Structures are given as C-alpha cells and as structure tokens.
Trainee: 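Here it is, the structure in full.
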Amino acid sequence: MKDFKEHMKGEKHRGGHKRGNHGAKTFRRGRALDFLERLHIKRTTLKQQLDSPEYAEIKQVILGELKAIELVIDEFTRHFELHETEERELSREKIEKEEKK
C-alpha cells in the first residue's frame, strides 16, 4: 500500500492537487473563466454605451470605466495564466449549451 506522501506526489485525489505553478487548473479554473467572460460582457456593454448618443454627456466617465475594465481583464488573465484560446473555447461551449436549451 502506498504511503500518504507517495499518494500526494503521483495522484490527484479528492480535495488536493499537484504542487507547482500551473495556474488555475482545478475546479476554480472554470470559475475564473466564467468571471472573465462576465468582464468581457461588461466591456462590450461599455463599448456599446460609448457609441450611443444618449450617453454622450457621460462619455468621459464611460471611457474611464472601459479603460479600468480592460486593465482588470489584462491583470486577471495574467494572474491566472489564462489565454485567449481558453476564453474562446469557454465562449463556444456556452453558446453550444444555450443552443441546446
């Protein structure tokens, strides 16, 4: 029978993960990608508001919010080592799920 240290080295098990700097490669990775998708939706909304004439009076505020959300997206992507291909894959999966409903 393997001892506990060998078990922790070679296998993933319930509640644990391999050590190392691999980014968010566990259950939390999906949650991080979901959050990132919400940030992208907010960015898209701000861009639409920026081009809309009814928001002309607060255009500078919207522009500031847009720059801030883009900074958060960049930092979040770097911090969690997320890549655009993963983001696109998540978006595609969400669209496919929505179409099946």
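Bear in mind that the values here come from a model prediction, so they are computed numbers and not experimental data.
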Trainee: So how far is it from Leu36 CG to Leu82 CG, rounded to the nearest 0.5 Å?
Mentor: 6.0 Å
Trainee: How long is the straight-line distance from CZ of Phe80 back to CZ of Arg31, given to the nearest 0.5 Å?
Mentor: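 Answer for the CZ-CZ pair, Arg31 versus Phe80, is 10.5 Å.
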Trainee: Roughly how far apart are Leu39 CG and Asp34 CG, rounded to 0.5 Å?
Mentor: 11.0 Å
Trainee: Got a second to check how far His40's NE2 is from Phe35's CZ, nearest 0.5 Å?
Mentor: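 Interatomic distance, His40 NE2 to Phe35 CZ, rounded to 0.5 Å: 11.0 Å.
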Trainee: Between CG of Leu50 and CZ of Arg43, what distance do you get to the nearest 0.5 Å?
Mentor: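 Leu50 CG to Arg43 CZ: 13.0 Å, rounded to 0.5 Å.
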Trainee: So how far is it from Asp51 CG to Leu46 CG, rounded to the nearest 0.5 Å?
Mentor: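 Those atoms lie 11.0 Å apart.
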Trainee: What pairs of donor and acceptor atoms, side-chain ones from residues 55-71 against any protein atom, are under 3.5 angstrom apart with sequence neighbours left out?
Mentor:
none

